[in-house]
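Report on one structure; see the data block that follows.
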Amino acid sequence: MITIYGDTISGNCLKVKFVAERLNIPYRWVETSVVRRETRTSDFLSINPAGQVPAVVLADGRLLSQSNAIMLHLAEGSDLIPTDSYERAVMFQWLFWEQYNHEPTIATRRFHLHYLKKSEAEINPALKEGGEAALARMEGQLNGHEYFVSGRLSLADIALVSYTRFAHEGGFDLGQYPRVRNWVLRIEKGLGLPSALPAHLQ
């Protein structure tokens, strides 16, 4: 059995959980709070010296960190990774984009606004601009497509949905992005998740 060190407020951690559950991989979850600085203890730093969650201890004792790397390892050989080389590369494209453009804006703004309770004046306005640009990019991609790669659920969808479904907590209105909103509901249903969207968008 694998052990996942994760914080349930973190989409990066939840995406690993979603993959494990989708593939029926047994796991033990160890709640590790970023807010309470539990990722900075000596015990945790011995697992991941970068002081970040998620971190995983595999069944054979080997360690792995970085959410998308963990997802890729867990999903190796499954239907969550396209077998076609081009479609697989497109999936990687979205995974890289998620960590470089999506997560640093939407997730960061959510953390400052929803968890640190900062005022708008205290938050870098570039985060809102970047998050809106990311959602607009997704809205465009979903024009005529139900999923991000190969017409079926893949790791790209799981990576992107993990913070998008909480975008409202960062001050983003998915009502302005109807394709994204419908996609979120589709992926949540496919993963067996209760919807995290505001009631009026469900």
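Below, all heavy atoms of this structure are taken into account, side chains as well, without hydrogens, waters or symmetry copies.
Donor-acceptor pairing under 3.5 Å is lacking for the side chains of Tyr163 and Glu98. Asn12 and Gln99 share a side-chain donor-acceptor pair at under 3.5 Å. In the model, Trp183 has a side-chain atom that pairs as donor or acceptor with a side-chain atom of Asp157 under 3.5 Å. Residues Glu31 and Thr8 have side chains that bring a donor and an acceptor to within less than 3.5 angstrom of each other.
The backbone N or O of Glu87 lies less than 3.5 Å from a partner atom in the side chain of Asp84, making a donor-acceptor pair. One N or O on the side chain of Arg88 and one on the backbone of Pro82 form a donor-acceptor pair closer than 3.5 Å.
A salt bridge links Arg22 to Asp79: one of the charged nitrogens lies within less than 4.0 Å of a carboxylate oxygen.
The CZ atom of Arg165 sits 13.5 Å away from the CG atom of Leu201 when rounded to the nearest 0.5 Å. With rounding to the nearest 0.5 angstrom, the NE2 atom of His145 is 11.5 Å from the OG atom of Ser150. The NE2 atom of His102 sits 6.0 Å away from atom CG of Leu135, with the distance rounded to the nearest 0.5 Å. Going from atom CG of Asn143 over to atom CZ of Arg179 covers 4.0 Å, rounded to the nearest 0.5 Å. Atom OG of Ser162 sits about 11.0 Å away from atom NZ of Lys17, to the nearest 0.5 Å. Distance check: Leu160 CG to Trp94 CH2 gives 7.0 Å after rounding to the nearest 0.5 Å.
Residue Leu58 comes nearest to Ile2 through the heavy atom pair CA-CG2, 4.1 Å, listed as atom of the first residue, atom of the second, then distance. Among all heavy-atom pairs drawn from Ile47 and Ala55, the shortest one is CG2-CB, 4.1 Å. Pairing each heavy atom of Ser154 with each of Met91, the nearest pair is OG-CG, 4.1 Å. Of all heavy-atom pairs spanning Glu169 and Leu113, the tightest one is O-CD2, 3.8 Å. Residues Phe44 and Glu38 come closest through the heavy atom pair CB-O, 3.6 Å. Closest non-hydrogen pair, Glu122 versus Lys118, comes out as OE1-CA, 3.4 Å.
Between Pro54 and Ile70, some side-chain heavy-atom pair lies under the 4.5 Å cut-off. Looking at heavy atoms from C-beta onward, Thr3 lies out of side-chain contact with Tyr27 at the 4.5 angstrom threshold. Between Thr39 and Gln52, every side-chain heavy-atom pair lies at or beyond the 4.5 Å cut-off. Annotation: side chain of Phe172 is not in contact with side chain of Thr164 (no heavy-atom distance under 4.5 Å). Using a 4.5 Å heavy-atom threshold, the side chains of Leu80 and Leu155 count as touching.
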Query raised in the report: side-chain contact (heavy atoms from CB on, under 4.5 Å) between Lys15 and Val161: does it pass, once the steps are laid out?
Result: CA-CA 8 Å; Lys15 67 173 76 161; Val161 83; over 6 Å; no
Query - Candidate pair Thr108 and Ile123, rule side-chain contact (heavy atoms from CB on, under 4.5 Å), full reasoning - result: CA-CA 10 Å; Thr108 301; Ile123 301 175; over 6 Å; no
Requested in this report: Dump the intermediate steps for side-chain contact (heavy atoms from CB on, under 4.5 Å) on Arg40 and Arg37, then the final yes or no.
Outcome: CA-CA 5 Å; Arg40 300 299 172 177; Arg37 298 183 62 80; 3.7 Å; yes
Query - Candidate pair Arg109 and Glu120, rule salt bridge (Lys or Arg N to Asp or Glu O under 4.0 Å), full reasoning - result: CA-CA 10 Å; Arg109 183 173 159 81; Glu120 289 287 349; 2.7 Å; yes
Report task. Decide side-chain contact (heavy atoms from CB on, under 4.5 Å) for Phe92 and Asn68; before the verdict, give the C-alpha distance in whole Å, the side-chain angles of both, and the deciding distance to 0.1 Å. Result -> CA-CA 9 Å; Phe92 280 119; Asn68 288 350; over 6 Å; no
Query raised in the report: Would Glu132 and Gln176 count as a side-chain hydrogen bond (donor to acceptor under 3.5 Å, both in side chains) if you check the C-alpha gap in whole Å, the side-chain angles of each, and the deciding distance to 0.1 Å?
Result: CA-CA 10 Å; Glu132 298 288 2; Gln176 297 180 15; 5.8 Å; no
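Annotation for Glu76: atom CD does not count as buried by contact number, only 12 or fewer foreign heavy atoms lying within 6.0 Å.
Cluster membership for Val53 and Leu95, using ILVMFWY side-chain heavy atoms within less than 4.5 angstrom, is not shared. Ile9 and Leu197 fall into different hydrophobic clusters, where Ile, Leu, Val, Met, Phe, Trp and Tyr residues are linked whenever their side-chain heavy atoms come under 4.5 Å apart, directly or through other members. Hydrophobic cluster membership differs between Leu14 and Val30, with clusters built from Ile, Leu, Val, Met, Phe, Trp and Tyr side chains linked at under 4.5 angstrom. Under the 4.5 Å side-chain contact rule for hydrophobic residues, Phe148 and Trp97 share a cluster. If you chain together hydrophobic residues whose side chains sit under 4.5 Å apart, Leu74 and Leu63 never meet in one group.
Aromatic pair Tyr5/Trp29: ring centres not closer than 6.0 Å.
Note that Arg110 lies in the cation-pi zone of Phe166, set by a 6.0 Å cut-off to the ring centre and a 45° limit from the axis.
In summary, of the residues considered (Val184, Leu191, Leu185), a side chain to side chain contact (heavy atoms under 4.5 Å, CB included) with Ile187 occurs for Leu191 alone.
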